Structures are given as C-alpha cells and as structure tokens.
Amino acid sequence: MKKAGGGGAEKKRVRRSSAASLQNGYSSSSNTDTPPRKNAAKKDVFQLFAEKVRDHKNLVSRWAVLQETRVEYFKGKDFVSFLRNHSEVKDVLDSDRNLEVEDIANVLLSKNLLVRCDRVVKTVRPGKRKLSTWPAHLEIFPDQVFSDNDAFFAWTFVKRRPLWQTLLSFFWPVLTLAICLFPVYPHRCKLLILYSCAGLLLLILCLLSLRALIFGTVWILVGKRVWFFPNILAEEATLGELFRFWPKKDEEEPPKWTARLFYAIVAALVILLLRHHAPDEAARARYQRRVSNIIDDVLEWSPRLALSGMMEKQQTVVNETDPSTNFTDGSNVRSEDDTASPYPPSDDADEETILEQQEVDEDNHHSQDHHSDI
C-alpha cells in the first residue's frame with residue numbers, strides 16, 4: 001500500500017512539473033501573459049479580417065480546381081498592393097494593425113485560413129508564348145510561406161452567405177413552379193404579367209441603348225470614355241453600386257483621332273444601311289399582326305378550351321371509324337353530296353373555281369384569235 005501511495009505521489013509530481021514546463025515554454029515563446037480567451041479573440045479577429053478581405057471587390061481573384069475541389073484564389077502581389085492601397089481593412093486587427101503585409105499573410109497561413117498553391121502545368125503549352133496568368137488547376141505548394149513572386153494563395157474557409165441569398169435559394173423553386181403554371185392563370189393575371197415583363201424588358205433595352213449611344217457620341221466627338229450607370233453590367237456588385245448613376249473618372253489614355261474617325265465612318269455607314277433596308281408600312285403591319293396573333297393565342301389558351309378541343313377531335317375520330325355510319329351505296333353518297341351543306345365552301349373550292357374560270361377565258365380568247373386569223 002505504501003508503494004502504491006508513493007507511486008501516485010510521484011505521478012502527481014511529474015504531471016505538475018510537466019504542466020509547469022509547458023507554461024514556462026509558452027510564456028517564453030510568446031513573451032506575453034495573455035490568457036487563452038484573448039488568444040481565441042485574436043484568432044477570431046484574423047478570421048474577421050480574412051472574411052472582410054475576401055468580400056472586398058478590389059482584390060482580384062479567380063476560381064480554380066485544387067485537388068478536385070473548387071477554390072477561390074488570388075496572387076501574392078495583388079494581396080500586397082491591395083493592403084497598401086486599402087490600409088483601412090487592417091483596422092479589424094486592432095493591436096496587430098501595424099504588422100507588415102508579409103507577417104499578416106504568414107499568420108493567415110499558420111491559422112489555416114490560407115494555403116499557398118502552385119500551378120500544375122509549369123511548362124508552356126504548344127502554340128502558347130507564356131504560361132497562363134490565371135491557371136485553372138492548382139496544387140499545394142510544399143513551403144507554406146508568403147511570397148509575392150508568382151505565388152498563388154487559396155482561401156480555405158467556407159464563405160458565409162448573406163441572408164438574402166439563403167431566402168432566394170428557397171424562392172427559386174416557387175418561382176419556377178409559378179412560371180410553369182402560367183397557362184392556367186386567369187386572363188387578367190396573364191395580361192398583368194405580360195405587360196409587366198414587356199415593360200421591364202423594354203426599359204432595360206432602352207437604358208442600355210441610350211447608355212451606349214451617349215458613350216459612342218462622347219467618345220467620337222471628345223475622346224472621353226463616359227459610361228453612365230458604370231456598374232449596371234457588373235457580375236458582382238452591391239445594390240447601391242449597381243444603380244450608381246455618375247460615371248467613373250476616365251484615367252486611361254485618350255484614343256487616337258484615326259480610331260475615332262474610323263468608328264465614326266462605320267457608324268454612319270451602319271445608319272445609312274439600316275435606313276435603306278428599313279421595312280415599309282405593309283411589312284410592319286404584317287409583322288405586328290403575326291406577333292399579336294401569337295400573343296393572343298398564348299393569352300386566350302385555357303384548359304377548358306384545350307379539353308373541349310380534344311373531345312371534339314375524339315368525337316370526330318369515333319364518327320369516322322364507326323361502321324354503322326359508312327354507306328356502301330353510291331346513290332346515297334351522291335345524294336348526301338348533292339344536299340346543301342350548312343357550312344360555307346372552303347377556300348380550296350373557291351381557288352379551283354377561279355382557276356377553271358381563268359382556263360375557260362383563255363380558251364375563248366384563243367378561239368377568237370384563231371377565227372380572226374382565218
């Protein structure tokens with residue numbers, strides 16, 4: 001029993017000594033007396049910093065395949081220039097905001113928020129002059145240290161989706177089902193949807209056309225690049241940036257006068273060509289009639305009409321295949337043909353009558369010519 005008690009005391013001493021050595025080593029390596037809660041908070045700070053940098057629009061990034069997984073990555077030199085031009089992003093780091101860019105990137109690598117990658121294809125392909133600027137396939141680089149010399153870095157955390165994207169993902173199936181059920185809507189509802197969509201489409205086309213017209217006119221006459229609503233065609237933009245009206249400042253080099261003159265001549269030729277080949281009033285009326293007929297067919301369709309049409313076709317097929325209604329006697333058939341039909345004659349019969357009358361007139365004309373020659 002004494003031996004057992006002595007062995008337990010020795011184990012306690014060993015545990016206490018090992019814990020004390022770990023604490024001393026941690027304090028000597030970090031040279032700070034910060035408790036674990038502050039370290040966790042600092043880790044959350046770098047997580048927030050990584051999310052803020054990833055959501056920023058000025059950091060150029062692309063998507064690629066890394067070990068059969070699609071990842072979003074950027075270049076090391078773009079990361080350096082981004083933090084130098086947008087130093088306000090580092091305010092999230094609190095006490096570590098004064099760190100160098102390389103140190104911040106190394107901290108992100110150590111916390112597995114970033115991973116350094118390298119291109120899979122390292123040789124120039126046949127027919128190419130240089131390597132791809134943004135490779136589509138990546139592999140993990142063995143040395144996980146930050147570098148801005150042809151180095152790529154991929155985000156390892158899952159990007160948090162905003163609430164509106166989550167709600168939109170639930171509304172997409174409902175919208176798809178509503179589109180599929182459009183033929184069974186009431187007529188007024190169809191008219192409302194049709195004119196709303198047509199008006200929205202017309203507004204978008206007019207806005208884009210007016211925007212391009214203003215840009216082309218100012219570019220040809222003055223040589224300035226003026227784009228009203230500059231972010232209207234942007235793939236990734238917030239709602240406020242999407243509908244910003246005033247254009248950005250033109251910082252590019254002005255175009256040459258030869259290029260402006262060339263495009264002015266091309267625009268004049270296109271306008272003259274369109275004006276020369278414009279459709280006449282009869283053609284426009286014919287096109288309008290066709291479009292209106294198509295729209296009327298779509299709007300006036302209903303399940304009742306479709307079912308009634310199917311029933312009429314089915315009744316007609318039954319009448320034709322019923323043997324009791326078939327007559328083998330030719331006199332009966334002729335008498336039925338001779339009886340007056342309640343329906344007006346078809347267009348084919350009218351055309352045949354007109355053709356026969358023309359043939360008779362031509363024969364009479366030829367006979368009169370023959371008698372005059374005699």
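Residue numbers run from 1 in the order of the sequence given. As the structure is a prediction and not an experimental result, all values here were calculated from the model.
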Are [X] and [Y] in one and the same hydrophobic cluster, where Ile, Leu, Val, Met, Phe, Trp and Tyr link if side-chain heavy atoms are under 4.5 Å apart?
X    : Y    : answer
I193 : L177 : yes
W172 : I179 : yes
L108 : F152 : no
L261 : L269 : yes
Y263 : V270 : yes

[atom2] on [Y] to [atom1] on [X], rounded to 0.5 Å:
X    : Y    : atom1 : atom2 : value
F170 : L167 : CZ    : CG    : 8.0 Å
N85  : L59  : CG    : CG    : 11.5 Å
H56  : S61  : NE2   : OG    : 12.5 Å
L202 : Y195 : CG    : OH    : 13.5 Å
L192 : R188 : CG    : CZ    : 11.5 Å
L109 : I104 : CG    : CD1   : 12.0 Å

Next item on the list: Would you please indicate yes or no on a ring centroid separation below 6.0 angstrom for F74 and W155?
Entry: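 Yes, they do, as the ring centres are separated by less than 6.0 Å.
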
Margin query: Walk me through whether L138 and D118 qualify under side chain to side chain contact (heavy atoms under 4.5 Å, CB included).
Written below: CA-CA 6 Å; L138 299 173; D118 193 10; over 6 Å; no

Are any non-hydrogen side-chain atoms of [X] and [Y] less than 4.5 angstrom apart?
X    : Y    : answer
P255 : R225 : yes
K52  : L48  : no
R129 : V124 : no
F82  : V89  : yes
I140 : L66  : yes

Evaluate whether atom [atom1] of [X] has more than 12 neighbouring non-hydrogen atoms of other residues, nucleotides or ligands under 6.0 angstrom away.
X    : atom1 : answer
D91  : CG    : yes
H277 : NE2   : yes
F182 : CZ    : yes
F157 : CZ    : yes

Check: Does the pair V45 and D96 meet the rule for a side chain to side chain contact (heavy atoms under 4.5 Å, CB included), with working shown?
Finding: CA-CA 10 Å; V45 165; D96 296 329; over 6 Å; no

Can you name the nearest heavy-atom pair linking [X] to [Y], along with the distance?
X    : Y    : answer
P183 : K190 : O-NZ, 3.0 Å
A64  : Y73  : CB-CE2, 3.3 Å
P279 : Y287 : CB-CE1, 4.5 Å
L83  : K90  : CD2-CG, 4.4 Å
F146 : A105 : CD1-CB, 3.2 Å

Item checked: side chain to side chain contact (heavy atoms under 4.5 Å, CB included) evaluation trace for L181 with V184 -> CA-CA 6 Å; L181 294 177; V184 299; 4.1 Å; yes

Next item on the list: Please name all residues satisfying side-chain hydrogen bond (donor to acceptor under 3.5 Å, both in side chains) with N106, sequence neighbours left out, ordered by chain then number.
Entry: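 side-chain hydrogen bond (donor to acceptor under 3.5 Å, both in side chains) check on N106 returns nothing, list empty.
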
Check: Residues two or more places apart in sequence or in another chain: which of them pass side-chain hydrogen bond (donor to acceptor under 3.5 Å, both in side chains) with E100?
Finding: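 Checked E100 against side-chain hydrogen bond (donor to acceptor under 3.5 Å, both in side chains); zero matches.
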
Can you tell me which residue pairs pass the salt bridge (charged side-chain N to carboxylate O under 4.0 Å, His left out) test with a partner in [range], sequence neighbours excluded?
range            : answer
residues 61-83   : R54-E72
residues 258-284 : E281-R284
residues 133-154 : R119-D150, K122-E139

Item checked: Test side chain to side chain contact (heavy atoms under 4.5 Å, CB included) applied to Q144 and V115, step by step -> CA-CA 7 Å; Q144 293 295 315; V115 60; 3.7 Å; yes

Between the main-chain N or O of [Y] and the side-chain N or O of [X], is there a donor-acceptor pair closer than 3.5 Å?
X    : Y    : result
H86  : E88  : no
D103 : L99  : no
K111 : F46  : no
S169 : T166 : yes

Notebook entry, point to check: In terms of ring plane angle, is the pair W219 and F215 parallel, tilted or perpendicular, where the classes change at 30° and 60°?
Noted result: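 Parallel.
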
Can you give the donor-acceptor pairs under 3.5 Å from side chains of residues 203-211 to other protein atoms, not counting sequence neighbours?
unit_1	atom_1	unit_2	atom_2	d
S209	OG	L205	O	2.8
R211	NE	F228	O	2.7
R211	NE	F229	O	3.1
R211	NH2	F229	O	3.4

